Amino acid sequence: MRVAWFLLALLAVGAPVLAQTPFSGPGSEGATLAPPSLPSLLPNGLPVPTLPPAAQQDILQRMRDAAAGRTPTQAGPQAGPQVGPLPAPSAPAPPPVAASAPSALAENLSQIEAFFAERLGLPLRQFGYDSFAGGARTPPAIGALPGDYVIGRDDELVLALRGRTRATLNLRVQRDGTILTPDLPPIPAAGRTLSELRADLEARAARDLPGTETYVSIGQVRQISVFVAGEVQRPGMQTVTALSSVLDALMQAGGPRRTGSLRAIRVEGPAGRRSIDLYAVITGEGGEADLTLREGERIIVPPLGSVVAVAGEVTRPGIYELPARATSAPLATVLRLAGDPLRPAGNRFLVQGTDAGGRRSFAEISPRETVRRGDSVLVQPGADVVANQLRLAGHVTAPVTRAAGRNGTSLRALLNDARLVRADPYPRMAVVLRLDPATRGRRFLPFDLSRSLRGEIDLPLAEGDEVIVLGQSDIAWLASPPVQRALRGEAPAEDACPALTQLAIATRSAPARFAHARGAGFPEIGTPGCPPVFREYPQLLGFLLDTSVLLSGEVRQPGLFPLLDDTGLDLLLAAAGGATDGADLSAIELAREPTDQSGAHPLSRLLLDLRSGNFRAVRLSPRDVIRIPRGFSDRESGPVVLAGEAVRPGTYDIRRGERLSELLARAGGLTPQAYPYGAVFTRDSVRRRQQEGFARTARDLETSLVQVAAGQAVAGGRAQGVDVGSAITAGRELAASLRQAQAAGRMVVEADPVQLAAHPERDVLLEPGDLIVIPKRPNEVTVVGAVLNPGSLQFQSGWRASDYTRAAGGPQRFADTARAFVVLPNGQATPAGLSAWQAGNTPIPPGSLIVIPQDPSPYETWGFIRDLTQVLSQVTISSAALAVIARELR
């Protein structure tokens with residue numbers, strides 16, 4: 001990060017620095033500039049971090065670019081830092097947007113790489129050049145030098161004398177190649193190896209300094225200058241140590257460009273000329289390369305030679321250079337450079353070349369054939385198919401892939417460990433999905449999973465077989481609402497299970513195929529999701545339904561159960577959890593569709609008496625239907641609820657034929673505060689009929705409104721000044737209210753135990769779901785509707801409806817007293833008798849509800865208005881009953 005910050009700072013101040021750099025001499029207009037030196041401090045006063053020489057040259061080049069008004073990308077990603085004449089200064093350098101400079105330095109494709117990328121459709125890199133991407137390296141620390149190191153001028157030697165003479169001398173090799181010691185004559189050193197010099201000094205010390213031993217080592221290695229030219233990033237004179245190699249010099253020069261060769265690098269000098277193939281160094285193959293450097297040698301990187309691209313399934317795809325001066329090479333040699341194909345055998349080699357007319361040509365060749373300059377080789381599998389594979393899937397701990405083996409594999413060997421199967425599998429059937437090698441079609445082979453896990457049966461497996469284990473949840477899904485709808489031919493949703501789509505299509509094309517599965521009548525409760533096994537194998541659903549047996553009635557888990565032919569009823573009952581305690585085993589019904597010789601499928605039914613428990617004797621076949629009935633019981637299937645003023649209210653189970661008086665006796669009778677005349681008795685069947693009546697009346701009302709709007713329902717001429725639009729609006733609101741009205745399902749019953757004992761014919765039979773609410777004796781009468789002050793009034797003995805109406809302020813101006821009615825506490829409705837032509841009515845009992853409707857004039861001539869009084873009375877009765885129930889159950 002410090003180096004990057006320093007680089008940005010230099011880009012920001014580089015232009016002024018270069019603008020103030022003096023020329024190398026007076027009157028030298030247009031002469032080249034001497035390389036400037038970096039500042040010793042950063043702008044904030046921090047010391048400049050130590051950088052390698054290559055990084056310093058790169059920074060200086062960017063400073064020159066900034067002074068000339070160029071961006072770093074204008075020089076190209078591979079242009080080296082060339083020192084040229086300084087152009088005349090123009091406008092000041094732009095502000096340092098150089099924060100984006102690192103991204104501009106990203107390496108683009110070279111011309112060679114772009115050429116092959118356009119042909120192959122994928123980018124490949126030239127091999128070997130990334131080895132020099134790190135730039136110049138710091139010279140390694142000097143340690144023990146090898147004995148064959150050749151000593152030269154300016155090397156520093158450390159001579160240690162031990163014995164009679166004790167001294168440690170630092171000796172530098174003189175220009176004449178000798179070293180000078182105080183006690184010995186000049187000793188020639190330059191051009192000799194370290195081992196030779198050490199032996200000479202030991203001999204001289206033994207002769208001239210008896211009793212003294214000598215120890216010689218190199219203290220400091222000399223610097224040598226090597227000229228690097230050709231296709232490198234920074235050509236020129238490079239200063240390296242005498243221990244540096246050709247690689248060090250190339251790294252010092254920024255490495256070869258991608259337009260330069262790595263296989264024909266020349267090293268020339270006093271000792272002659274030699275050629276270096278860097279592929280031998282990078283790949284470790286081929287002969288050893290002489291990488292040593294000597295004073296005065298020069299390194300020349302020639303232009304890139306012939307190249308070949310290798311792509312596809314090889315270890316190291318890339319663009320490879322052929323050996324020096326070679327225009328072709330065996331394909332095996334090129335593949336060896338790419339690390340060889342990933343497959344040891346079964347590969348195909350597609351070569352894309354160029355014919356004499358410049359057109360692309362394709363050919364398949366073998367590794368023994370040759371490839372030419374510019375060819376691209378695509379390595380592909382000869383046949384990318386899976387062989388000798390077995391798979392265990394479905395209700396297993398994890399899908400398992402096994403090898404079929406040369407001698408084949410059996411089902412017992414695949415399921416040798418029962419822990420491969422998850423808990424709660426379906427024991428009666430699993431399937432093998434087998435591929436026919438001749439037709440390439442797949443078919444299911446069923447087998448008994450339980451017997452296979454116990455080792456009782458075995459099945460030889462073939463290559464490509466898939467063993468599918470089913471779970472209990474997978475079998476339960478066969479009786480689910482989505483499957484039942486698909487069996488009726490209903491199209492599933494677009495995002496539904498693909499198995500349901502195939503099942504719906506099969507059902508519509510052959511309706512009788514799954515007739516046995518549609519006869520169950522399973523309730524459509526919930527929408528379970530599609531099990532994963534049917535998403536992976538959509539054809540499996542139809543196969544299981546074809547082989548299934550329908551089991552219904554008194555079993556713990558009714559449903560559709562796939563079975564093998566000739567399976568005992570005992571195994572089917574075990575898979576369904578067994579029969580319930582209420583099952584009647586003397587009349588088990590078996591329905592079967594055997595096929596006769598004419599191809600017909602007559603349905604036959606048998607009644608089986610299996611009270612002996614010999615279920616195994618009944619052998620089943622696919623498409624059978626087993627129904628186990630329930631034994632007779634006088635217990636009803638549901639309870640009733642007694643609430644309110646009973647001694648022991650609560651929920652009671654009942655038997656068939658039980659009456660209300662018996663229930664009241666079981667509850668200990670009624671309390672002294674009970675008001676049996678106002679008992680509310682509701683029943684589900686009555687509630688459903690009342691609700692349907694409300695909906696039917698709402699539909700009839702809307703139909704009448706349409707007729708009135710069309711002028712087709714006028715009974716005796718339309719009155720003048722009638723607002724038909726308002727009447728229609730009011731009728732629509734009334735229809736909406738009828739649809740939203742909640743029916744109570746109230747029945748008028750006698751709940752007084754004394755009356756029930758005197759009149760047994762009034763004692764109602766109870767049904768499951770009945771609700772009996774015995775309220776407390778009320779002390780009010782309620783008046784609602786078109787009166788001046790609707791509300792509840794205190795009960796007055798002997799008062800009639802007219803008395804309570806007057807007490808509520810009397811009828812309003814538009815009240816219809818002729819249609820007024822009274823809802824009695826027992827739920828009955830009777831006319832109120834308020835009109836002048838009516839002869840009055842009986843006294844009103846406490847808890848009654850008096851309803852004064854609105855006058856329907858001037859719409860009374862329309863037929864649909866005249867029928868609303870009865871509907872309003874039903875709604876009022878339901879509302880009153882619901883109010884009593886809510887009050888007593890609170």
Side-chain angles (χ1 to χ4, degrees), residues 113 116-117 119-128 130 263 277 279-287 306-323 326-355 360-393 399-410 413-414 432-442 460-467:
E113 293 168 344
F116 285 108
R119 288 196 162 204
L120 294 172
L122 64 145
L124 293 177
R125 309 301 289 179
Q126 291 179 249
F127 174 74
D130 293 338
R263 309 204 65 175
D277 185 357
Y279 271 31
V281 179
I282 298 174
T283 63
E285 295 183 0
S306 302
V307 292
V308 173
V310 181
E313 298 186 358
V314 292
T315 305
R316 190 169 51 211
I319 302 172
Y320 295 91
E321 184 181 0
L322 299 181
T327 58
S328 64
L331 177 59
T333 303
V334 179
L335 292 176
R336 194 159 49 250
L337 290 176
D340 291 324
L342 298 179
R343 288 179 173 83
N347 297 291
R348 54 191 298 263
F349 307 99
L350 181 64
V351 176
Q352 180 181 169
T354 307
D355 61 9
R360 300 183 188 180
S361 62
F362 294 86
E364 283 195 31
I365 65 174
S366 66
R368 295 186 298 273
E369 300 181 60
T370 59
V371 291
R372 300 182 304 166
R373 174 179 184 176
D375 286 351
S376 56
V377 181
L378 184 61
V379 181
Q380 296 175 334
D384 193 7
V385 295
V386 179
N388 299 326
Q389 175 180 317
L390 299 175
R391 187 167 182 262
L392 178 63
V400 176
T401 301
R402 295 285 176 85
R406 296 182 179 179
N407 299 325
T409 303
S410 65
L414 184 63
V432 176
L433 182 58
R434 176 161 295 176
L435 181 66
D436 189 343
T439 63
R440 305 300 296 171
R442 300 201 297 180
L461 299 178
E463 175 187 333
D465 283 353
E466 296 186 44
V467 179

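Not measured: the values here are computed from a predicted model.
- Listed by chain and residue number, Phe116, Leu120, Ala309, Gln352 satisfy the side-chain contact (heavy atoms from CB on, under 4.5 Å) test with Ser376 (two or more places apart in sequence, or in another chain).
- Taking OG1 from Thr409 and CZ from Arg402, the interatomic distance works out to 9.5 Å, rounded to the nearest 0.5 Å.
- With sequence neighbours left out, Thr354 forms a side chain to side chain donor-acceptor pair (under 3.5 Å) with Arg119.
- The minimum heavy-atom distance between Ser306 and Ala326, with the atom names listed, is OG-O, 3.0 Å.
- With sequence neighbours left out, Glu466 forms a side-chain contact (heavy atoms from CB on, under 4.5 Å) with Arg391, Leu433, Arg442, Tyr537.
- Checked against side-chain contact (heavy atoms from CB on, under 4.5 Å), Pro341 has the following partners two or more places apart in sequence or in another chain: Leu335, Asn347, Phe349, Val379.
- By the neighbour-count criterion of 12 heavy atoms within 6.0 Å, atom CZ of Arg372 is sparsely surrounded, having that number or fewer from other residues, nucleotides or ligands.
- The salt bridge (Lys or Arg N to Asp or Glu O under 4.0 Å) check on Arg348 picks up Glu364, with sequence neighbours excluded.
- At least one donor-acceptor pair closer than 3.5 Å links the side chain of Glu113 to the backbone N or O of Gln126.
- In this view, Asp340 satisfies the side chain to side chain donor-acceptor pair (under 3.5 Å) rule with no residue, not counting sequence neighbours.
- For Ala462, the side-chain contact (heavy atoms from CB on, under 4.5 Å) partners at least two apart in sequence or on another chain are Arg434, Asp465.
- Exactly one of Val308, Val307, Leu337 qualifies for a side-chain contact (heavy atoms from CB on, under 4.5 Å) with Leu322. That residue is Val308.
- To the nearest 0.5 angstrom, Thr283 atom OG1 is 8.0 Å from Asp277 atom CG.
- For Arg360, the salt bridge (Lys or Arg N to Asp or Glu O under 4.0 Å) partners two or more places apart in sequence, or in a different chain, are Glu118.
- Contacts of Phe127 classified as ring pair (Phe, Tyr, Trp, His ring centres under 6.0 Å), with partners at least two apart in sequence or in another chain: Tyr279, Tyr320.
- The two residues Leu124 and Ile319 come nearest to each other via the heavy atoms O-CD1, 3.8 Å.
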